[in-house]
Amino acid sequence: MRREIVKTLSNIATLLELKGENSFKIRAYKTGSDIIENFSGDIEQIAKDEKLDEIKGIGKALASKIQEIINTGKLSYYENLKSEFPDSIFELFDISNLGPKKIKNLYDNLKIDSIEKLEASCRSGEISQISGFGEKSVAKILEAIAFRKDNAKFFRTGDIAPIAEIILNLLKKLPQVSQAKIAGSYRRGKEIVHDIDFIVATKSPVEVIDQFTKMVEVDEIISKGKTKSSIRLNNGLQCDLRAVKSSEFPFALSYFTGSKAHNIRMRSLANSNEYTLNEYALIQKNKNEQIPIQNETELYEKLGLTYIPPALREGQGEIEASQNSTLPNLVKIDNLKGTFHNHTTASDGKNSLEEMANAAKDLGLQYLGISDHSKSSVQANGLSADRLLNQIDEVKKYNNNIEDNFKVFSGVECDILKNGNLDYDDSILSQLDYSVASVHSSFSLTEKEMTKRVIKAIENPFVTMIGHLTGRLLLIRKPYDINVSKIIDACAENNTIIEINANPRRLDMDWRWWKHAKDKGVKCSINPDAHKIEHFQFLHFGIKIAQKGWLESSDVVNCLPLGKIEKLLNLKK
DNA sequence: GCCGTTTTCGGCCCGACTGTTTTCAGTCG
């Protein structure tokens with residue numbers, strides 16, 4: 001129900017934008033949607049008690065609309081608004097550089113109400129009839145459409161993790177199922193996936209598959225057979241189920257976990273050991289005899305390997321490392337002792353400094369770095385130098401009132417300005433315990449300019465680490481042009497840390513660079529970029545990315561205990 | 001549409017960037 005309210009209010013905001021309504025009215029709906037989404041409490045109960053308008057930001061109008069949604073499951077105001085535009089028009093907002101005004105213009109003048117029509121209009125040149133759509137704009141739109149097409153069949157792992165775990169638990173609970181696991185790229189911890197593979201061990205595959213296809217979330221049954229089935233959920237995500245015998249389970253799990261490259265190596269290794277390996281069994285060639293295996297560890301052992309964690313199964317040398325016993329001892333969530341890059345209500349966070357700190361402490365962390373936005377990030381209520389200095393005092397007060405086994409560090413997420421300068425003078429930065437330097441503007445510089453810009457920040461002695469290095473938003477926005485290799489070299493030279501931004505929309509720097517960075521001696525900080533206490537959970541996604549980058553706890557600075565991290569933070573200064 | 005020690009109207013965040021309409025509108029964060 002809450003999701004329904006949140007979605008409805010935010011869709012109303014979009015539709016009002018299209019209609020060119022008063023921007024403050026639009027904002028009221030947007031913030032209303034945010035408030036309901038983040039509200040900690042039983043919104044339906046509050047509606048019942050008729051106390052919705054006591055929530056700050058929810059006035060009489062929104063309260064009665066929310067009430068109507070809760071009571072009737074619908075909202076006539078919204079239905080009426082919706083009827084003015086085709087449903088498909090929402091997808092145009094997925095194209096970057098297209099906002100409400102341009103979309104309205106396209107719709108009014110050329111009846112463009114879908115991405116398909118938009119693309120056709122760009123290609124035919126028809127679109128240039130409208131003012132505001134010159135050559136460069138058209139090229140950008142086509143690029144954005146292509147980007148969306150390439151990525152449309154993918155989902156961010158962080159977005160679909162909740163539903164994946166729900167389905168897994170549903171399968172596990174079926175009486176016919178003895179084992180159930182998620183395989184595929186999800187299990188390998190990829191940042192985006194295009195489907196989810198479930199493997200179950202069962203004696204009654206037909207019954208299990210029947211249950212699988214009858215789940216409430218199923219929108220479409222793509223295929224349904226005796227041992228496997230594919231469905232599409234109502235969010236568009238495809239899920240495959242494979243039902244095997246208990247004895248086949250480890251083979252199926254291994255095979256469907258992949259990656260393809262990893263599987264090829266595994267099979268050829270089996271071959272050279274006089275075995276045949278497929279998704280059901282390991283067979284001794286000369287005797288045509290199946291080798292009984294209990295779990296994946298035993299399968300790896302039969303092939304002369306130590307167990308390879310799923311995160312490493314990308315065909316990046318993990319087989320050789322396993323043979324040579326040089327596999328990394330991968331960092332785990334329990335190794336994290338603290339975290340940097342977290343926001344509070346001082347800038348655009350939802351929880352106060354104290355709430356954030358207490359939550360971190362409750363999670364068993366020993367320290368928390370607070371890094372609100374800097375002054376140039378006006379949209380995020382970035383802190384003026386004075387406000388930042390005040391926050392330093394606030395942190396000191398907090399630390400004075402808390403036991404010695406926990407500490408808050410004063411930091412900032414400092415904008416790297418277009419010319420590579422930082423958003424505060426060194427005299428301000430030097431008063432902080434650390435800083436995260438990030439790019440939030442001028443994304444369109446050339447690779448050369450952008451690389452120079454960020455390296456200038458890396459060389460600043462008061463920059464502790466670089467935040468979300470490439471600025472990418474998975475499936476939404478490409479990374480900006482930057483020479484990551486040169487950045488890594490500069491970080492190695494200047495003792496500057498690179499973060500893994502664990503927000504599931506970012507997961508930046510990409511795991512594909514981390515093995516290289518580690519070899520160069522660059523340290524990592526796994527940061528949730530938390531804007532509220534719930535976001536500390538993002539650390540789980542960050543850990544997966546670190547694992548995919550072969551990182552061990554010694555590579556990750558926030559695995560250091562409190563005493564040692566303090567020394568490290570002082571090192572660069 | 002929301003809010004209120006300036007309380008029933010008037011203010012609400014705003015600067016940078018981009019392309020293009022060459023003086024600014026639209027988008028973005």
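Note on naming: letters A, B, ... go to the chains in the order of the sequence lines (proteins, then strands), and numbering restarts at 1 for each one. Computed over heavy atoms, backbone and side chain alike; hydrogens, waters and symmetry mates excluded.
Within the nucleic acid shown, Gly132(A) comes within 4.0 Å of at least one base atom, counting heavy atoms only. Lys104(A) comes within 4.0 angstrom of nothing in the nucleic acid, heavy atoms only. When heavy atoms are screened at a 4.0 angstrom cut-off, Asn381(A) is found touching no nucleic acid atom at all. The residue Ala61(A) sits close only to the backbone: its heavy atoms come under 4.0 Å of sugar-phosphate atoms, none of a base. Within 4.0 Å of Ser444(A), counting heavy atoms only, lie sugar-phosphate atoms of the nucleic acid but no base atom.
Here the side chain of Lys101(A) is nearest to one of dC12(B), dG29(B), dG26(B), namely dG26(B). With dT18(B), dC14(B), dC12(B) as the choices, the nucleotide that has an atom nearest any side-chain atom of Phe24(A) turns out to be dC12(B). Of the candidates dG29(B), dG1(B), dG4(B), dG29(B) carries the atom nearest the Gln379(A) side chain, counting heavy atoms from C-beta on. Minimum atom distance to the side chain of Lys56(A) is reached by dC3(B), of the listed dT18(B), dG1(B), dC3(B). Closest to the Ser442(A) side chain, of the nucleotides dT18(B), dC17(B), dC28(B), is dC17(B). Among dG26(B), dC17(B), dG1(B), the nucleotide with an atom closest to any side-chain atom of Lys418(A) is dC17(B). The side chain of Ala28(A) lies closest to dG1(B) when the candidates are dG1(B), dG15(B), dG26(B). Distance from the side chain of Lys140(A) is smallest to dT18(B) among dG29(B), dG1(B), dT18(B). Of the candidate nucleotides dC17(B), dG1(B), dT27(B), dT27(B) has the atom nearest to the side chain of Asn97(A). Looking at the side chain of Leu62(A), the nearest of the listed nucleotides dG26(B), dG1(B), dT20(B) is dG1(B).
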May I have the step-by-step check of ring pair (Phe, Tyr, Trp, His ring centres under 6.0 Å) for His373(A) and His440(A), ending in yes or no? CA-CA 10 Å; His373(A) 284 283; His440(A) 286 119; 5.2 Å; yes
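Contact annotation: Lys60(A) side-chain N/O to dC3(B) OP1/OP2 distance is not under 4.0 Å. Here Ser23(A) does not reach the OP1 or OP2 of dC12(B): none of its side-chain N or O atoms lies under 4.0 Å away. Listed pair Ser137(A) / dT20(B) meets the phosphate criterion, a side-chain N or O lying under 4.0 Å from OP1 or OP2.
With rounding to whole Å, Asp415(A) atom CG is found 13 Å from dG29(B) atom P. dT27(B) atom C1' lies 14 Å from atom CD1 of Ile26(A), rounded to whole Å. In this structure, CD1 of Ile95(A) is placed 11 Å from P of dC28(B), rounded to the nearest angstrom. Nucleotide dC14(B) holds its C1' atom 16 Å from the NZ atom of Lys375(A), rounded to whole Å. One interatomic measurement links the two molecules: CD1 of Ile141(A) to P of dG26(B), which rounds to 14 Å at whole-angstrom precision. Regarding Lys102(A), its NZ atom lies at a distance of 18 Å from the P atom of dC24(B), rounded to whole Å. Across the protein-nucleic acid pair, Glu17(A) atom CD and dG26(B) atom P stand 12 Å apart, rounded to whole Å.
Counting non-hydrogen atoms of neighbouring residues, nucleotides and ligands closer than 6.0 angstrom, the CD atom of Gln67(A) exceeds 12 such neighbours.
The closest side-chain heavy-atom distance from Asp393(A) to Leu389(A) is not below 4.5 Å. Counting only heavy atoms from C-beta outward, the side chains of Phe536(A) and Asp362(A) never approach each other to under 4.5 Å.
Ion pairing between a basic and an acidic side chain is recognised when a charged N comes within 4.0 Å of a carboxylate O; Glu119(A) and Arg123(A) show such pairing. Note on Lys117(A) versus Asp113(A): salt bridge recorded, some NZ/NE/NH1/NH2 to OD/OE distance being below 4.0 Å.
Spacing between dC9(B) and dG15(B) at atom C1', rounded to whole Å, works out to 28 Å. The gap from the C1' atom of dC3(B) to that of dT8(B) amounts to 11 Å, rounded to the nearest Å.
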